[in-house]
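Working notes for the structure below.
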Protein chains: 2
Amino acid sequence: MTTPDSLDARAGATRQLARGDVPVLQRASLREQVRQALEEFIVFGRLAPGEHLAEESLAELLGVSRQPVREALQSLSAAGFVDLRAGRGAFVHEPTAREAREVFHVRALLESDSCRLAAQNIDDDGARRLEVIYAEGHEASQRHDDPRRLIELNRTFHRTMTEIGGNRVSIALVADLERRAGWYLATIITNRAPSSWAEHREILDAVVARDADRARDLMLNHIDHSRDLLEFTGQ
Amino acid sequence: MTTPDSLDARAGATRQLARGDVPVLQRASLREQVRQALEEFIVFGRLAPGEHLAEESLAELLGVSRQPVREALQSLSAAGFVDLRAGRGAFVHEPTAREAREVFHVRALLESDSCRLAAQNIDDDGARRLEVIYAEGHEASQRHDDPRRLIELNRTFHRTMTEIGGNRVSIALVADLERRAGWYLATIITNRAPSSWAEHREILDAVVARDADRARDLMLNHIDHSRDLLEFTGQ
DNA sequence: TTTCTCCATACTGTATGCAGTATGGATGAC
DNA sequence: GTCATCCATACTGCATACAGTATGGAGAAA
């Protein structure tokens, strides 16, 4: 990812036949690839808050034309990663602690509700999936695996829980909020606490026991804990 | 709005100096104007669910080039009004009753929480603003004003309440959800009940009395009522 | 020195061009 | 009649072109 090398040599859209019986694998559009690349650049600090994102130079950097870059920037704007100033173009958004708190608050609302729903909907298959993720995450956190992987596992646990909740609108919103939250944590917080798999264990137990209210409350507290990490940074 | 007449004769962006001391009024970009126009066409049924939105013909209809149309379609896709199928282009989204229920559920979560926050934050100015809106809305609903206006006033009440709550992330999400909800009500429901200003009155009283929990619960029930309208349509 | 004006520069916003792909109907095989 | 194949058509996705605007600094005026 350090050498962007242009996004892809084979830019003329082709398809790949999957080995299994999954019918066809859609190659992502250029604008989607650009979007993901830019989001990574922003999240990992290679593009700093406030920085001006000139379409032409990004296009050159990524080996594409301005068009897909432009569309990617608009998408990132809707997701809160960049700001579009009329006539000035795109700038990396400068998150504030207030905004971070607000995102965590909304996330807590939506995820705790999804957790409540999950406790109502859970079936054996869902319970198994959660157990697998828990086992993996718990072990990885014990071993102090690479932080990138820990973040990924943590996110997988939350995402899966929300998916089991089953409200697709909520699922989509939470996915966005999680990505923003990850950025804030990486940007604002210097030293991130490892995600608490002890709390995940409690939540999981409540969900499997179909104790909806308890599951909801536990998830609420759980996310509030991560939000509390933000409080140290003031303003 | 029936004769799109091209969006604007003076397409070369110019600015207008406001009469008052509001400094400058930014003319919206073409893509934003197109976005709004298309959203109206969709919400008011001029573009029907499932319809293929070919960029060229829309561009011609609106008197602009494909480019701003394309960007507007992508924005509308993010907002849930159109679906983009890779290689096929944009189609007006076909809402389902399930999806509508989900939107109302999330809306209820976010707005009831904002209402709780509003009860904590409210000041004299906020209370005055709410009272004015209530008075206007109550009167209009008594008079059985034009439905379009009733919907507008209803939305204003909710938007103002959310704004007083003060969580900007929530404000932005709720604004999106309200627009979708409005579409669903117009599309799915044949006969929409007038918004209940009696319930608004109760909510407003609780907020002004700073009774946060009661305000929250009332708003939750209030939105559930409108959601219940959806239940008649099955699936 | 300070402030205003003007202009060169860089970049956005919109339009147009072009290559490649999805689709549906015509055609032919069975 | 049914099914597979092929091709014309329409439209997308990306690239490029062009016009117009925001900005910052040079130079003039005070």
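Proteins get letters first, then strands, A, B, ... in listed order; numbering begins at 1 in each. All values reported here derive from a predicted model rather than from experimental measurement.
Taking atom CD of residue B:E51 and atom P of nucleotide D:dC11, one finds them 13 Å apart after rounding to whole Å. Going from atom CD of B:Q67 over to atom P of D:dA15 covers 12 Å, rounded to whole Å. Between the C1' atom of C:dT14 and the CD atom of B:E32 lies a distance of 16 Å, rounded to the nearest Å.
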Practice task
Kindly determine whether B:H200 and B:F157 satisfy ring pair (Phe, Tyr, Trp, His ring centres under 6.0 Å), including the steps that lead there.
Solution key: CA-CA 8 Å; B:H200 286 174; B:F157 181 83; 4.1 Å; yes
I'd like a table of atom pairs between the protein and nucleotides 10-13 of chain C - only N or O on both sides, under 3.5 Å - with the distance next to each one.
unit_1, atom_1, unit_2, atom_2, d
C:dT12, OP1, A:E55, N, 3.3
C:dT12, OP2, A:E55, N, 3.4
C:dG13, OP1, A:G87, N, 3.1
C:dG13, OP2, A:R70, NH1, 3.2
C:dG13, N7, A:R66, NH2, 2.9
C:dG13, O6, A:R66, NH1, 2.9

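Checking B:E71 against A:Q74 by side-chain atom types alone, a donor-acceptor pair falls below 3.5 Å.
Cation-pi check for A:R180 over A:F81 is not met; the charged atom does not lie both under 6.0 angstrom from the ring centroid and within 45 degrees of its normal.
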N/O donor to acceptor pairs below 3.5 angstrom from side-chain atoms of residues 163-173 of chain A, sequence neighbours left out:
unit_1, atom_1, unit_2, atom_2, d
A:N167, OD1, A:V169, N, 3.0
A:N167, OD1, A:S170, N, 3.0

Can you give me every donor-acceptor pair (side chain of residues 109-117 of chain A, partner residue at least two apart or in another chain, under 3.5 Å) with its distance?
unit_1, atom_1, unit_2, atom_2, d
A:E111, OE1, A:H158, ND1, 2.7
A:E111, OE2, A:R107, NE, 2.9
A:S112, OG, A:A108, O, 2.7
A:S112, OG, A:L109, O, 3.1
A:D113, OD1, A:R116, NE, 3.4
A:D113, OD1, A:R116, NH2, 2.9
A:D113, OD1, B:H105, NE2, 3.4
A:D113, OD2, B:H105, NE2, 2.7
A:S114, OG, A:L110, O, 3.2

